[in-house]
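By convention in this document, chain letters (A, B, ...) are assigned in the order of the sequence lines, proteins followed by strands, and residues within each chain are numbered from 1. Predicted, not measured: the structure shown is a model, and the values here were computed from it.
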Amino acid sequence: MKKLVLIDGNSIAYRAFFALPLLSNEKGDYTNAVYGFTTMLLKVLEEEKPTHLLVAFDAGKSTFRHKTYAAYKGTRQKTPSELSGQIPMIHKLLDAFSIKRYEAKEYEADDIIGTQAVEAAKKGYEVVVITGDKDLLQLVDDRIEVVLTRKGITEVDRYNEAKIEERYGLTPKQIIDLKGLMGDTSDNIPGVPGVGEKTAIKLLTQFSDVETVLASINEVSGKKLKERLEENKELAILSKQLATIMTEVPLETALNDLAYNGFDYQAVKELFKAYAFNSLLNRIGEDEDQQEEALEEVAFEIVSEIKEDHLISPSALVIEMLGDNYHHADIIGVGLANKNGNYFIPTKVAVESTLFQTFMADEKKEKYLFDAKRAVVALAWQDIELNGVAFDLQMASYLLDPSLSSHEMSDIASRKGSVRVLEDETVYGKGAKQGIPAEQQLAEHLSRKAYAMHVLKEILANELKENEQYSLFAELEMPLSVILGRMEKEGIKVDRGQLQTMGGDLSTRLADLEKEIHKEAGETFNINSPKQLGQVLFETLELPPVKKTKTGYSTSADVLEKLAGSHPIIEHILLYRQLGKLYSTYIEGLLKVANEETGKVHTRFNQALTQTGRLSSTDPNLQNIPIRLEEGRKIRKAFVPSHDDWLMVSADYSQIELRVLAHISGDERMKEAFLKNMDIHTKTAMDVFHVEEDEVTDQMRRSAKAVNFGIVYGISDYGLSQNLNITRKEAKEFIDRYLASYPDVKAYMENVVKEAKKTGYVQTLLARRRYLPELASSNFNQRSFAERTAMNTPIQGTAADIIKQAMVIMSEELANSSLKATMLLQVHDELIFEVAPEDEQALKELVTNVMENALSLDVPLQVDVLSGSSWYDAK
DNA sequence: TCCTTCACGCACGTC
DNA sequence: GACGTACGTGAAGGAT
């Protein structure tokens, strides 16, 4: 017998929250509702032994009931933030248990439960509904039971038809009529004033339902009651309507999807540890036997010759390689899964097959991959084109929740409860011991990954749609990944000779400085060792320590700057550090990774890493090439066009984050600055210090700039005080003055935090999300950090959205033009190109146009474009 | 026992 | 605030 258990998520969480004291884990997150919910869940799993399981949540916001009656739930108190922060944690918990959860816009959890219950009952399931809400009693019939929490969460009452009859003297359907007459204060359903439970039951026993009662008012006993019914006919009908659970919600999940097949032991254990539910660890049993349990069988075939039948659309593909630098890594095998079967194709068989190559290049043959860019670039190095990537699992996982530390297949598989997949580390080992396993094992692993991809693709695609993130995924990030892949493969030329010359110069200067410093210290020591340097400065030379780190004295630049003047050695150390950084990170670092033959460096952009939606760049990191100090800026002279006579072009957004802030906050004064194209820092100084433009001093502008900087990066009053070298109190006052000058910015900041506490996440203009469970933390630092993040992420993230959008459009425009120009790099608010001299002007016009119009805001976007014979000269 | 590898903290480059 | 890299350091791991 199939048995479906439906849990009213919000209701149970709410009960648990109020039934238990405010527990929290060591991080300071409140966990009492999560804990209570978990104990209830474990109890349900043990006692009910469901074959199918669903937890329904309210989607928040407004439902179809609000359309009928605006005041619906109007008296309900706002969910306490200590509870709302726990809802995402409960979501995570359910994911770890591989239990389906669902929420639908416009509908309440009740309606989702009602719909599923009725459908399942019709199909012969035994159905149990678990809730704290008596409303749901109306669903009871011979196949549906409702379990109501009575006190706390462990004491419950189980209602079938007989029990309802016994308790109310009514049939389950009459529960709706009961509500219609007596109303419900907690949902602000009015009912008939003056009619309570007793009267309502009496009326219903006599007349069966609201309609009959109203049609037979004459027969009702009691003059006052008659009057009340007469006056409130419409209210009674409306109340009944509101109390009726909708059983025809258009659900996107089929009953089959709700099958519960047990949970992933590791995932649950990890989560229990994170939530500090040590006492519950025992309740989920010993891990040994379960963990050792064999993976479910996935049949596969090792392909020795590729045939047409292997290559159908859609197919899931795994292009496996060891080591993370896909510019150099060898492909060790190919996994393939589609309707016809699961396959392992040895690399040689794949890359040498024309059939395979044609299939890979065919735009119309849909492919699902995990980290598509990795495959695209690796194959490009083998001169194999990969087109038609229809789904990137890693990208989907990242967009759904960027905070998950790992977007590895095995983790996604265990989180989403599909076919289990081994961790790559388990199969290949790591570090020095990493290697390729026996073919059979490799074949099994890759086929399994490919097979799992189909299942996971469906799940994640649905989640993206539920979150309204599908277009972000399909129209922005997916196309961008291909573009980034091309940029990485193309690479950027560095002039190795120039680097070597600069390096030679630096190393002599470093050697001289080293001698000088040793002389001043009176001993030789390793200047690069903070430990040794600390001893020399604060013990041998007895300079006053300014700051400590966990391990000893701090010798950071801002500490040394405070000591400057007290000893000549300080200045030399600062210079040594500066030059040393240039030499080892940039000169040697770049020379190490530049291709011997072409002189090009090929970075890798990580598109699925940052919490804000920015890219990051590694191996080498080309997003932190020096510019601030002239000495370092010279490094940019080594970045040159890859063709003779071509030019480097740099196009950067001016103040994009502050423009985004002006747009989303709608602050008129701030918008004015951009509409009138004023210097934003001067304008800020004018507004904050209440002075005219010509009265703004350098110091005022500097302070204003620091605050703007702080707003953009979400720093704290502490951070600002460090930047401006003022006290924390002064910094706080300064921020307050700033916010007073820009009231709508202040309102936005408050609002975004409030909203995030409610929903558990913040989002950007293009629906990129970031969950912030720490908003409910009792730990001040944690909570403050989350609050600043809530304010800052939509700003920085939207800026990231905009430049990504610009890149996608730019790439199309370039492809459709005959311009001899290549997009090479993205540095957060800047795009770097190389261009043939005859197309320089055209490119500049095009890129300005594309970037400024990538997304339309209430303030103009401004782009500065510059060109020159090297990146340095594009200034 | 020695040598290599690894994880971690510190410092500093960019936006 | 977010990133990535280089370096030094002490501990763990592996070979001898």
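Under the side-chain contact (heavy atoms from CB on, under 4.5 Å) criterion, Ile570(A) pairs with Leu537(A), Leu543(A), Leu560(A), Leu563(A), Ala564(A), His567(A), Leu574(A), not counting sequence neighbours. Not a single ring-ring contact (aromatic ring centres under 6.0 Å, His included) links Tyr583(A) to another residue, sequence neighbours left out.
Listed by first then second residue, pairs satisfying salt bridge (charged side-chain N to carboxylate O under 4.0 Å, His left out) with a partner in residues 616-628 of chain A read Arg604(A)-Asp619(A), not counting sequence neighbours. Residue pairs meeting the salt bridge (charged side-chain N to carboxylate O under 4.0 Å, His left out) criterion with at least one partner in residues 781-807 of chain A, sequence neighbours excluded, are Glu477(A)-Lys804(A), Lys757(A)-Glu787(A), Arg768(A)-Asp801(A). Sorted by first then second residue, the salt bridge (charged side-chain N to carboxylate O under 4.0 Å, His left out) pairs that include residues 860-875 of chain A, not counting sequence neighbours, number zero. Listed by first and then second residue, the salt bridge (charged side-chain N to carboxylate O under 4.0 Å, His left out) pairs that reach into residues 716-732 of chain A are Asp717(A)-Arg728(A), Lys732(A)-Asp736(A), sequence neighbours excluded. Screening residues 763-784 of chain A for ring-ring contact (aromatic ring centres under 6.0 Å, His included) gives Tyr761(A)-Tyr771(A) as the qualifying pairs, with residues at least two apart or on separate chains.
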Which pairs, protein N/O on one side and nucleotides 6-8 of chain B N/O on the other, fall under 3.5 Å?
{"from": "dC6(B)", "atom 1": "OP1", "to": "Ala432(A)", "atom 2": "N", "distance (Å)": "3.2"}

Within the sub-3.5 Å range, which N or O atoms of nucleotides 11-15 of chain B have a protein N or O partner, and how far apart are they?
{"from": "dA11(B)", "atom 1": "OP1", "to": "Thr555(A)", "atom 2": "N", "distance (Å)": "2.7"}
{"from": "dA11(B)", "atom 1": "OP1", "to": "Thr555(A)", "atom 2": "OG1", "distance (Å)": "2.9"}
{"from": "dA11(B)", "atom 1": "O3'", "to": "Arg577(A)", "atom 2": "NH1", "distance (Å)": "3.3"}
{"from": "dC12(B)", "atom 1": "OP1", "to": "Arg577(A)", "atom 2": "NH1", "distance (Å)": "2.9"}
{"from": "dC12(B)", "atom 1": "OP2", "to": "Ala557(A)", "atom 2": "N", "distance (Å)": "2.8"}
{"from": "dC12(B)", "atom 1": "O2", "to": "Lys581(A)", "atom 2": "NZ", "distance (Å)": "2.7"}
{"from": "dG13(B)", "atom 1": "O4'", "to": "Tyr586(A)", "atom 2": "OH", "distance (Å)": "3.4"}
{"from": "dG13(B)", "atom 1": "N2", "to": "Asn624(A)", "atom 2": "ND2", "distance (Å)": "3.2"}
{"from": "dG13(B)", "atom 1": "N3", "to": "Asn624(A)", "atom 2": "ND2", "distance (Å)": "2.9"}
{"from": "dT14(B)", "atom 1": "OP1", "to": "Ile627(A)", "atom 2": "N", "distance (Å)": "2.7"}
{"from": "dT14(B)", "atom 1": "OP1", "to": "Arg628(A)", "atom 2": "N", "distance (Å)": "2.7"}
{"from": "dT14(B)", "atom 1": "OP2", "to": "Arg628(A)", "atom 2": "NH1", "distance (Å)": "2.4"}
{"from": "dC15(B)", "atom 1": "O3'", "to": "Asp829(A)", "atom 2": "OD1", "distance (Å)": "3.4"}
{"from": "dC15(B)", "atom 1": "N1", "to": "Tyr713(A)", "atom 2": "OH", "distance (Å)": "3.3"}
{"from": "dC15(B)", "atom 1": "O2", "to": "Arg614(A)", "atom 2": "NH1", "distance (Å)": "2.9"}
{"from": "dC15(B)", "atom 1": "O2", "to": "Tyr713(A)", "atom 2": "OH", "distance (Å)": "3.3"}

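Bracketed by its first and final contacts, the part of DNA chain C lying under 4.0 Å from non-hydrogen atoms of chain A reaches from dG1(C) to dG14(C) in 5' to 3' order.
Among the heavy atoms of the strands lying under 4.0 Å from Gln532(A) are primed sugar atoms or P, OP1, OP2 only; no base atom is included. Residue Asp619(A) is in sugar-phosphate contact alone, with no base atom involved, counting any heavy-atom pair closer than 4.0 Å across all strands shown. Counting any heavy atom pair closer than 4.0 Å across all strands shown, Thr789(A) reaches no nucleic acid atom.
Take the nearest nucleotide of DNA chain C for Pro620(A) and for Thr612(A): the residue whose nucleotide is more 5' is Thr612(A).
No side-chain N or O of Arg486(A) forms a donor-acceptor pair with one of Thr822(A) less than 3.5 Å apart. Under the 3.5 Å distance criterion, with hydrogens and angles disregarded, a donor-acceptor pair is assigned to the side chains of Asp679(A) and Thr682(A).
Atom-to-atom distance recorded for Ser870(A):OG and Lys634(A):NZ is 11.5 Å, nearest 0.5 angstrom.
For the pair Ala704(A) and Ala685(A), the tightest heavy-atom approach, listed with the atom from each and the gap, is CB-N, 3.6 Å.
Ring planes of Phe639(A) and Trp871(A): perpendicular class, angle over 60° (limits at 30 and 60°).
Of the residues in residues 487-496 of chain A, not one comes within less than 4.0 Å of DNA chain C through any heavy atom.
Taking the ring centroids of Tyr713(A) and Phe709(A), they lie under the 6.0 Å cut-off.
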key: Which nucleotides of DNA chain C pair, in dot-bracket form (Watson-Crick or G-U under 3.5 Å, | meaning another strand)   = |||||.|||||||||.

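By the 4.5 Å heavy-atom criterion applied to side chains, Thr798(A) and Ile795(A) are not counted as neighbours.
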